[in-house]
Amino acid sequence: MDYLVWLEETPCSIWMRESGPAFFSALVFHSVAMGFIVGVHVATNLRILGFAPSVPLSLMKRFFPVLWVSLIVVSLSGVLLLAAYPAKALTNPLFFLKLTAIVAALFITRSLANGLMQDPGYDMNRAPTKARMLAALSLLLWAGAVTSGRLLAYTHNMLMASHQY
Amino acid sequence: MNSSWGWPAAETMHYVGLALLIGTVGMFDLRMLGLARGIPMSALHKLVPWGVAGYAMNVVIGVMFVTSAPEQYLFNPAFQIKLALMGIAGVNVLFFYRFVFGPVKRAGAEADTPRAAKVAAAISLSCWVGVIVCGRLITYYRPPYHWCFWC
C-alpha cells in the first residue's frame with residue numbers, strides 16, 4: 001500500500017488529478033485509440049474468418065500502421081490514467097485480466113501476421129481451421145479487454161490509497 | 001437499466017458496436033483516403049454491413065441510455081454536439097451512396113479515389129471520431145439540470 005501512496009504523491013499523479021484537461025484528454029485519447037485498435041482487429045479477423053473473401057488477406061497488413069500508432073497512444077494515455085489513480089486499478093484484479101487479454105490478443109496478431117498473412121497463397125483461399133480459431137479467439141479477447149476496461153469504472157475497491165472512501 | 005449491471009453491460013455493448021463501426025466503415029474510409037492501396041474498395045466494402053449492424057445496435061442502446069436518464073443527456077452540450085455530428089455523418093452517407101459510390105466501386109485496386117470520395121471519407125471519419133469523443137464526454141461533464149445553449 002505504501003508504494004501506492006508514494007505514487008499518488010508524485011507530481012505527475014497530482015497533475016493528472018488536479019488539472020481538468022489532463023485527465024479528460026487522456027480519457028478521450030484512450031477511448032478513441034482503443035476503438036481503432038479493436039477496429040483493425042475486427043476487420044482483419046473477420047477477413048480471416050471468411051468474410052469479404054475477395055480482399056487479399058496479406059494486404060490487410062497495410063492497415064497495421066493504424067494499429068501501431070494507436071497502440072502507442074493507448075499505452076501513453078493508459079500510463080497517465082494509471083498515474084492519476086494507481087490504487088484504483090492496481091488493487092482491482094480486473095485490471096490485470098484486461099492487460100492479460102490484450103497481451104494474449106497481440107501475441108495472436110503477431111503469429112497470424114508472421115504466418116498466415118505473410119503467405120500470398122492465402123490471399124484468395126480459405127484460411128486453415130487453426131487460423132480461423134485464433135481469429136475468433138482474438139475477437140473474444142478484445143471483447144474481454146473492452147468489457148473489463150469498462151467495468152474498471154464500476155468494480156474498484158478504492159479510489160486512492162492515501163484517503164480511502 | 002437501473003439494475004447494478006444493466007448500465008455497465010449496455011455501455012460495454014455500446015463500445016463493441018463502436019468498434020464494429022470503426023473496424024469496417026472506418027477502415028473503408030481510410031482506404032478511400034489512400035491507406036492500404038492494393039485492396040479493392042469493392043471487396044473491402046463487403047465488411048460494411050458489420051458496421052451497419054454495430055450502428056443499429058448502438059442506436060437501440062443509445063435510446064435506452066437517453067430514456068433511462070434523460071436529464072443527463074438532453075441538456076448536455078456533449079450529447080447535443082454528438083447528435084449533430086451523427087446528423088452530418090448521416091447526410092454524408094446519403095451523399096456518398098447517391099453520387100460517389102459508383103465510381104469508387106468500379107475503381108481498380110491500386111487506383112486513386114476521386115476527390116469527392118476523399119472528402120466524404122474525411123467527413124465520415126472525423127464525424128465518427130467526434131461522436132466517440134462527445135460520447136466519452138457525456139458522462140465526464142454532468143451539466144446542471146437546465147443547461148442549454150439558449151438559456
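The chains referred to below are lettered A, B, ... by the order of the sequence lines, with proteins before strands, and numbering in each begins at 1.
Considering CG of Leu59(A) and CZ of Arg31(B), their distance stands at 9.5 Å, rounded to 0.5 Å. To the nearest 0.5 Å, atoms CE (Met13(B)) and OG1 (Thr147(A)) are separated by 8.5 Å. Going from atom CZ of Arg62(A) over to atom CD1 of Ile39(B) covers 7.5 Å, rounded to the nearest 0.5 Å. Tyr154(A) OH to Trp7(B) CH2: the interatomic distance, rounded to the nearest 0.5 Å, is 8.0 Å.
Within a 6.0 Å sphere centred on CE of Met124(A), heavy atoms belonging to other residues, nucleotides or ligands number more than 12. For Phe29(A), the CZ atom is loosely surrounded, since the number of other residues' heavy atoms within 6.0 Å does not exceed 12. Surrounding CG of Asn114(A) are more than 12 heavy atoms belonging to other residues, nucleotides or ligands, all under 6.0 Å away. Other residues, nucleotides and ligands place more than 12 heavy atoms under 6.0 Å from the OH atom of Tyr97(B). Crowding of Phe101(B) atom CZ: a count of heavy atoms from other residues, nucleotides or ligands under 6.0 Å exceeding 12.
Comparing Leu18(B), Thr24(B), Leu44(B), Leu21(B) by heavy-atom pairs within less than 4.5 Å of chain A, the highest count is held by Leu44(B). Between chain A and the options Leu30(B), Ile132(B), Leu20(B), Leu47(B), the largest number of non-hydrogen pairs under 4.5 Å is found for Leu47(B). Interface remark: of the candidates Arg37(B), His45(B), Lys46(B), Glu11(B), Glu11(B) forms the most heavy-atom pairs closer than 4.5 Å to chain A.
Cluster annotation: Leu116(A) and Met133(A) are assigned to distinct hydrophobic clusters (Ile/Leu/Val/Met/Phe/Trp/Tyr, side-chain heavy-atom contacts under 4.5 Å, transitive). Following chains of ILVMFWY side-chain contacts shorter than 4.5 Å, one can reach Phe79(B) starting from Val60(B), so the two form part of one hydrophobic cluster. Note: the hydrophobic cluster containing Met41(B) also contains Phe99(B) (ILVMFWY, side chain heavy atoms under 4.5 Å, direct or indirect links). Val91(B) and Ile123(B) fall into different hydrophobic clusters, defined by Ile, Leu, Val, Met, Phe, Trp and Tyr side-chain heavy atoms under 4.5 Å apart, directly or through other members.
Two residues are said to be in side-chain contact when any heavy atoms from C-beta on lie closer than 4.5 Å; Pro56(A) and Pro40(B) meet this criterion. Here the side chains of Pro49(B) and Phe51(A) are not in contact, with every heavy-atom distance at 4.5 Å or above. Annotation: side chain of Arg136(B) is not in contact with side chain of Phe24(A) (no heavy-atom distance under 4.5 Å).
When all heavy atoms of Pro8(B) and Leu151(A) are compared, the closest pair comes out as CB-CD2, 3.6 Å. In plain terms, the two heavy atoms of Met27(B) and Gly39(A) that are nearest each other are CE-C, 4.4 Å. Here the shortest heavy-atom pairing between Tyr15(B) and Gly35(A) reads OH-N, 2.8 Å.
If you measure heavy-atom distances from Trp50(B) to chain A, the contacts under 4.5 Å come from the side chain alone.
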